[in-house]
Amino acid sequence: MSSRKIKAEEMMRQYTSEFSEVQVAKSEDILELKRKGDCPVVLIDVREREEYEVSMIPGAITSTEFNTLRNESEIDENTILIPYCTIGYRSGLYSRKLIADGYKNVRNGEGIVLWTYSGGRLVRRDGKNEVNTDRVHTYGSKWDVASEEFKSVQFSSWYGIYKGVRSYFGL
């Protein structure tokens with residue numbers, strides 16, 4: 001096992017430990033669930049638009065799309081909801097919110113970084129089509145531990161300042 005993957009797994013365990021009430025869904029297990037097709041699985045990408053525009057897990061929907069879906073139709077109670085982000089923290093927060101909203105079948109995805117080690121592919125959206133890509137948004141240099149088979153993209157340091165200013169002024 002590569003030192004990058006070991007570091008990614010350690011980071012994921014550290015970030016997801018705050019959400020002990022939510023089971024972590026390993027990427028390999030998600031691939032198997034989707035392959036079997038025994039029960040519906042909804043992957044929810046909770047990252048920023050700038051992140052998911054670079055790449056997503058195939059078949060995933062954004063949190064905005066999920067919110068529209070759940071407002072327009074009933075989600076079957078057997079559906080497994082798996083939010084994911086870069087390494088499991090933001091998706092842990094979102095998982096916790098889904099549980100508070102009454103969803104019972106929620107797992108916290110271990111993140112797109114560890115997905116890159118699972119043999120799963122990544123896609124970017126081109127209109128309504130999904131196109132394979134070798135790029136992955138790793139948020140920042142601290143989380144740049146994706147498989148070297150993928151090209152890492154990150155926010156610039158200015159992006160953090162921009163987000164902070166927007167938050168401060170309530171924009």
Side-chain angles (χ1 to χ4, degrees), residues 8-125 128 130 136-140 142-143 145-146 153-155 159-160 163-164 166-167 170-171:
E9 288 177 337
E10 288 171 356
M11 291 173 76
M12 182 273 299
R13 279 192 296 277
Q14 175 189 358
Y15 285 115
T16 60
S17 68
E18 185 174 324
F19 311 102
S20 58
E21 74 276 19
V22 184
Q23 180 183 345
V24 173
K26 298 241 176 236
S27 299
E28 293 81 4
D29 296 337
I30 296 169
L31 284 166
E32 184 66 13
L33 280 170
K34 290 176 75 66
R35 186 190 65 74
K36 282 184 177 176
D38 294 340
C39 58
V41 175
V42 177
L43 290 166
I44 308 165
D45 192 326
V46 302
R47 299 173 305 147
E48 299 279 335
R49 180 179 38 172
E50 294 82 358
E51 293 171 273
Y52 64 71
E53 284 179 345
V54 171
S55 62
M56 298 174 74
I57 294 173
I61 61 175
T62 67
S63 55
T64 301
E65 292 166 335
F66 176 75
N67 289 333
T68 300
L69 175 69
R70 74 182 191 170
N71 289 334
E72 292 177 354
S73 63
E74 184 95 9
I75 307 269
D76 182 279
E77 66 182 30
N78 294 320
T79 300
I80 301 172
L81 303 177
I82 306 176
Y84 74 90
C85 60
T86 302
I87 201 92
Y89 185 78
R90 291 175 288 171
S91 55
L93 292 171
Y94 196 84
S95 296
R96 186 179 276 166
K97 181 181 181 319
L98 289 173
I99 291 168
D101 289 348
Y103 292 98
K104 307 273 187 249
N105 216 350
V106 179
R107 310 285 184 275
N108 183 9
E110 66 182 355
I112 200 165
V113 165
L114 283 165
W115 181 268
T116 65
Y117 291 98
S118 70
R121 62 190 177 94
L122 293 177
V123 296
R124 65 174 175 76
R125 289 184 176 171
K128 293 187 180 212
E130 292 184 339
V136 60
H137 200 294
T138 58
Y139 195 82
K142 178 179 178 178
W143 300 274
V145 289
V153 177
Q154 302 166 10
F155 288 126
Y159 185 77
K163 293 291 283 187
R166 282 185 54 110
S167 175
L171 303 174

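Values in this document were obtained by computation on a predicted structure and should not be read as measured data.
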key: Approximate separation, where rounding is to 0.5 Å, of Met56 CE and Tyr84 OH   = 4.5 Å

Pairwise distance OH(Tyr89) to CD(Gln14) - rounded to 0.5 angstrom = 11.0 Å

ask   = Which class fits the ring pair Trp143 and Tyr15: parallel under 30°, tilted 30 to 60°, perpendicular over 60°?
value = tilted

task = For Ala60 and Glu130, work out which heavy atoms get closest and say how close.
result = N-OE2, 4.4 Å

query = Can you name the one residue among Glu110, Glu9, Glu32 that meets salt bridge (Lys or Arg N to Asp or Glu O under 4.0 Å) with Lys26?
reply = Glu110

query = So which heavy atom on Pro83 is nearest to which on Val46, and how close?
reply = CB-CG1, 4.0 Å

request  = Considering only NZ, NE, NH1 and NH2 on the basic side and carboxylate oxygens on the acidic side, decide whether Arg70 and Asp101 come within less than 4.0 Å.
outcome  = yes

message = Restricting to non-hydrogen atoms, name the atom on Ala146 and the atom on Val136 that form the minimum distance, rounded to 0.1 Å.
response = CB-CG1, 3.8 Å

query = Considering all heavy atoms of both residues, which atom of Thr16 and which atom of Ile87 are nearest to each other, and what is their separation?
reply = CG2-O, 4.3 Å

request  = Check Ile75, Leu81, Asp76 against Val42 for a side chain to side chain contact (heavy atoms under 4.5 Å, CB included) and give me the one that passes.
outcome  = Leu81

Distance-minimising heavy-atom pair for Ile44 and Ser63 = CG2-CA, 3.7 Å

key: Shortest non-hydrogen separation from Val22 to Arg96 and the atoms involved   = CG2-N, 4.5 Å

task = Verify side-chain contact (heavy atoms from CB on, under 4.5 Å) between Ile112 and Arg47, making sure each step is shown before the conclusion.
result = CA-CA 10 Å; Ile112 200 165; Arg47 299 173 305 147; 3.7 Å; yes

